[in-house]
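Numbering of ligands and ligand atoms starts at 1, following listing order.
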Amino acid sequence: MSSKTFKIAALAGDGIGPEVMREAIKVLRVTEKKFGFTLQITEAPVGWAGIDAAGKALPDATLALCKHSDSILFGSVGLPDRDPTIPKEERPERAALLRLRKEFGLFANLRPVSLPKVLSHACPLAKERQGDGIDILVVRELTGGMYFGQPKKTEDIGGGNQRAIDTMVYTTPEIERIAHVAFKSALLRRKKLTSIDKANVLENGILWREVVTRVSKNYPDVTLEHMFVDNGAMQLMLRPTQFDVMLCENMFGDILSDEAAALGGSLGMLPSASLGATSEGNTFGFYEPAGGTAPDIAGKNLANPIAQILSSALMLRHSFGLNDAAAAIEAAVTKAINAGNRTGDIFSASESGAKRVGTQEMGDAIVAGM
Ligand code: NAD
């Protein structure tokens, strides 16, 4: 693995995208030297940057680059001032972001939420509920369930009334493939998996539970538990430290991943990965921060680059199998935080020893800790 070359399409996008992408690439270059692999990183415009450069939110050359890459490291796209000036289907989030997600068949969304103990002030939960720090990975199925099931329609039923129909559908292979992603992720963590369902009410929940239980036989080192989604939502608030990996179908994952994200203190701290199919040992992935383009702070060296930097660590781990390099980035982020470096979003004047830093300084502190 050490002599391997990995091709990365780096699409910074709009707003704070270019600033935080610069820091992520800086950190990736250090891992390259330290661990002896080659990252062929090619930058290309997307979003408003794509429209300004080539007339389209996803220029043809950018899409072609993505198709020839092993993974996409994405910033964020969209500018609230400019978006309303063009038709909906041409706007960056739809024309670039959703298009890319569809194009690459991304079926697994990974959202880690990690709240280091020193940032307890940034978490909305009381300190005693945070234990030694919150560290959860939500694995969400992205292509099935109620959001895509057919029939999906609104019909007239007479008397001026309508009926809206959404259909929740999952097949055994769809559940199996997302379960494998979740169990493999658990093996790299604390080896506990909580599978979320509504097996007391939904047929889908019963099948989900059966299939996940069957898949678990391949992973004897991982402890599996099942939890109803309503209880899962409550437990996240009451005792979030009980969770390691939470495996969810699409809609439950949409809701619970945002609930879990709130525990992380700031959007600037939250990375994400969306994974597609694996071929020749590589898993194609799309890696992006959970937040948007943050126009309120863009171009001012104020953005927190950690979400983008941790997204690049997820890429090394999940797409390229470079677990040591990924862990080195994560450890350096923890070190920079423990040393008191704080961008504005995680700064609290009452925290002793905290030092307010800019985007670049946070990147430098992380590089220094590698
Ligand atoms: P946002 O996530 O951009 O910002 C919400 C708040 O979080 C802001 O106060 C912002 O300053 C803060 N924030 C976000 N990331 C931060 C970081 N790294 N460091 C420090 N603070 C950070 O959401 P919004 O304001 O609703 O959306 C702005 C634009 O981004 C819109 O055009 C929206 O469509 C787009 N957007 C894009 C994506 C994406 O590309 N995946 C996701 C969400 C929103």
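When V46, D296, T293 are checked for heavy-atom proximity to atom 30 (O) of ligand 1, T293 turns out nearest. Summarising the contacts of atom 21 (N) of ligand 1 with N304, I16, I297, the nearest heavy atom is found in I297. Taking only non-hydrogen atoms, the option from D81, V77, D14 nearest to atom 35 (C) of ligand 1 is V77.
A salt bridge links R190 to D135: at least one charged side-chain nitrogen sits closer than 4.0 Å to a carboxylate oxygen. For the pair R91 and E93, the salt-bridge criterion is not met [side-chain N within less than 4.0 Å of a carboxylate O]. Ion pair K191/D244 not flagged as a salt bridge, since none of the NZ, NE, NH1 or NH2 atoms sits closer than 4.0 Å to an Asp/Glu carboxylate oxygen. For R82 and D52, the salt-bridge test passes: some basic side-chain N is under 4.0 Å from an acidic carboxylate O. With salt bridges taken as basic N to acidic carboxylate O contacts below 4.0 Å, one links E351 and R342. Taking the charged nitrogens against the carboxylate oxygens, D70 and K7 have no contact shorter than 4.0 Å, which rules out a salt bridge.
Within a 4.0 Å radius of atom 24 (P) of ligand 1, the protein contributes no non-hydrogen atoms. Within a 4.0 Å radius of atom 27 (O) of ligand 1, the protein contributes no non-hydrogen atoms.
Of all protein heavy atoms, the one lying nearest to atom 13 (N) of ligand 1 is A294 CB, 4.0 Å. For atom 5 (C) of ligand 1, the nearest protein heavy atom (residue, atom name, distance) is L267 CD1, 4.0 Å. Annotation: atom 2 (O) of ligand 1 to nearest protein heavy atom, G292 N, 2.7 Å. Regarding atom 32 (O) of ligand 1, its nearest protein heavy-atom neighbour is G78 C, 3.2 Å.
At least one heavy atom of P295 sits closer than 4.0 Å to an atom of ligand 1. Ligand 1 is never approached by V20 to a heavy-atom distance shorter than 4.0 Å.
No side-chain heavy atom of E203 sits less than 4.5 Å from a side-chain heavy atom of L207.
Looking at E93 next to ligand 1, an N or O pair under 3.5 Å apart turns up.
Relative orientation of the F183 and Y219 rings is parallel, given thresholds of 30° and 60° on the angle between their planes.
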